[in-house]
Amino acid sequence: KKKFYIKNKKDYFIIKNQKFFINKKDKKGLFLSEIGSLQISKIKFITKVIDNYIISKTIYIDIGTSYGEFCSIIKNPKVSYSYLFEPNKKITKYLEKSLKINNYSNYKLENKCLSLSNAKYNNFYIDINSSGSSSLIKKKNNYEKIKVNNLHIKSFLKYLITKNNN
């Protein structure tokens, strides 16, 4: 039986023997390193679905990848390729470090948002205190507004269909 756990460390947390780097000044990073058990139950559920209901190879899509707490799913033998979307460049530097140190392959990390908007760019509101509250929806206080590249979900799905039919 596989063991799932999280250990609090200085600048990273561990899930399934894989290291994920965080910004400890960020409340979401602290949450992940201190109360990660909520994520573990979700990871177990997704892993169980893949193991029990996916017959052949599948594609994993993570919209709002954040620090990569669900990236351990990429190493599932039934996952042939993964697409990771994270518009917050302040977080992707930690994510890239995690993907590299864990020797992930067969993935594409996109520093853009995937949405229903046809715009080339979207406003993205980064919560200054907790990146987990960042959103395309404007909030009241403590947000930094940035412009991010946008990819319409229909365009992405057409790309996947075309790629898989070739």
Side-chain angles (χ1 to χ4, degrees), residues 1-54 57-115 122 124-137 139 142-144 146 148-151 153 156 160:
K1 193 170 184 176
K2 298 177 186 174
K3 288 187 177 183
F4 293 82
Y5 60 89
I6 294 179
K7 291 182 186 174
N8 188 2
K9 298 288 184 183
K10 185 176 180 188
D11 64 345
Y12 62 88
F13 62 98
I14 295 176
I15 296 179
K16 295 176 66 175
N17 296 320
Q18 297 172 53
K19 198 181 278 190
F20 295 92
F21 293 93
I22 59 168
N23 176 357
K24 292 225 31 170
K25 294 178 184 173
D26 177 26
K27 286 182 184 176
K28 179 166 185 185
L30 288 172
F31 172 80
L32 289 171
S33 66
E34 294 171 5
I35 315 172
S37 61
L38 295 174
Q39 302 305 330
I40 292 300
S41 63
K42 292 174 188 174
I43 293 167
K44 281 183 179 180
F45 173 76
I46 294 169
T47 302
K48 188 176 182 177
V49 167
I50 291 171
D51 289 343
N52 295 328
Y53 299 104
I54 303 297
K57 296 284 186 176
T58 190
I59 295 170
Y60 174 69
I61 303 167
D62 190 337
I63 302 170
T65 306
S66 188
Y67 289 107
E69 55 269 30
F70 292 96
C71 284
S72 63
I73 293 164
I74 293 172
K75 289 199 173 182
N76 186 303
K78 289 187 177 178
V79 175
S80 61
Y81 202 81
S82 299
Y83 293 90
L84 313 173
F85 292 90
E86 178 52 56
N88 186 345
K89 287 183 181 182
K90 292 177 181 178
I91 291 188
T92 53
K93 69 180 182 179
Y94 296 100
L95 180 57
E96 287 170 340
K97 186 176 178 181
S98 299
L99 293 166
K100 184 177 180 179
I101 200 165
N102 290 310
N103 296 315
Y104 284 107
S105 60
N106 296 327
Y107 72 88
K108 184 173 185 177
L109 174 59
E110 294 278 2
N111 192 225
K112 55 179 72 170
C113 75
L114 190 63
S115 76
N122 271 330
F124 189 70
Y125 301 91
I126 299 173
D127 186 319
I128 294 168
N129 298 311
S130 178
S131 63
S133 298
S134 299
S135 173
L136 291 170
I137 300 168
K139 308 283 175 124
N142 298 322
Y143 283 82
E144 174 188 353
I146 63 168
V148 295
N149 290 325
N150 181 61
L151 177 59
I153 195 160
F156 176 64
L160 287 179

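Remember, it's a predicted structure, so these values are computed and weren't measured experimentally. For this chain, numbers begin at 1 and follow the sequence in order.
Using a 4.5 Å cut-off on side-chain heavy atoms (C-beta onward), Leu84 and Ile74 make contact. With a 4.5 Å cut-off on side-chain heavy atoms, Ser134 and Tyr125 do not count as touching. Using a 4.5 Å heavy-atom threshold, the side chains of Thr58 and Ser80 count as separate. For the pair Phe21/Ile101, a side-chain contact is recorded, criterion being any heavy-atom separation below 4.5 Å from C-beta on. Ser82 places none of its side-chain heavy atoms less than 4.5 Å from the side chain of Asn106. Side chains of Ser115 and Ile153 form no contact here, defined as non-hydrogen atoms less than 4.5 Å apart. The side-chain heavy atoms of Ile22 and Tyr94, taken from C-beta on, include no pair separated by under 4.5 Å.
Using the six-membered ring where Trp is involved, Phe20 and Tyr104 have ring planes that are tilted, between 30° and 60° apart.
Nearest heavy-atom pair, Pro87 versus Ile146, reported as atom, atom and distance to 0.1 Å: O-CD1, 4.3 Å. Closest approach of Leu99 to Cys71, counting heavy atoms only: CD2-SG, 4.1 Å. Of all the heavy atoms in Leu136 and Cys113, the pair that sits closest is CD2-SG, 3.9 Å. Between Glu69 and Ile15, the shortest heavy-atom distance links the atoms O-CD1, 3.6 Å.
Rounded to the nearest 0.5 angstrom, Asp51 CG and Lys44 NZ are separated by 13.0 Å. For the atom pair CG (Asn122) and CG (Leu114), the distance works out to 10.5 Å, reported to the nearest 0.5 Å. A distance of 4.5 Å separates OG1 of Thr92 from CG of Asn111, quoted to the nearest 0.5 Å.
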**Asked** Can you list the steps and then say if Lys28 with Ser66 is a side-chain hydrogen bond (donor to acceptor under 3.5 Å, both in side chains)?
**Response** CA-CA 9 Å; Lys28 179 166 185 185; Ser66 188; 3.0 Å; yes
**Message:** Would Phe156 and Ile61 count as a side-chain contact (heavy atoms from CB on, under 4.5 Å) here? Give the steps.
**Reply:** CA-CA 11 Å; Phe156 176 64; Ile61 303 167; 3.6 Å; yes
**Request:** Give the intermediate values and the outcome of side-chain contact (heavy atoms from CB on, under 4.5 Å) for residues Leu109 and Phe85.
**Result:** CA-CA 6 Å; Leu109 174 59; Phe85 292 90; over 6 Å; no
**Prompt:** Can Ile59 and Tyr83 be said to form a side-chain contact (heavy atoms from CB on, under 4.5 Å), step by step?
**Reply:** CA-CA 8 Å; Ile59 295 170; Tyr83 293 90; 3.6 Å; yes
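Ile50 pairs by the side-chain contact (heavy atoms from CB on, under 4.5 Å) definition with Ile46, Ile54, Ile73, Asn76, Lys78, Val79, not counting sequence neighbours.
For the 3.5 Å distance criterion, the side chains of Tyr67 and Asp26 qualify, holding a donor opposite an acceptor. Side-chain contact, Ser131 with Asn88: no donor N or O sits under 3.5 Å from an acceptor N or O.
Here Tyr81 and Tyr60 keep their ring centres 6.0 angstrom or further from each other.
Just one residue in the list Ile43, Thr47, Thr65 forms a side chain to side chain contact (heavy atoms under 4.5 Å, CB included) with Phe70, and that residue is Ile43.
Residue pairs that meet the salt bridge (charged side-chain N to carboxylate O under 4.0 Å, His left out) test with at least one member in residues 106-115, sequence neighbours left out, are Lys108-Glu110, Glu110-Lys112. For residues 86-97, the pairs satisfying salt bridge (charged side-chain N to carboxylate O under 4.0 Å, His left out) are Lys90-Glu144, with sequence neighbours left out.
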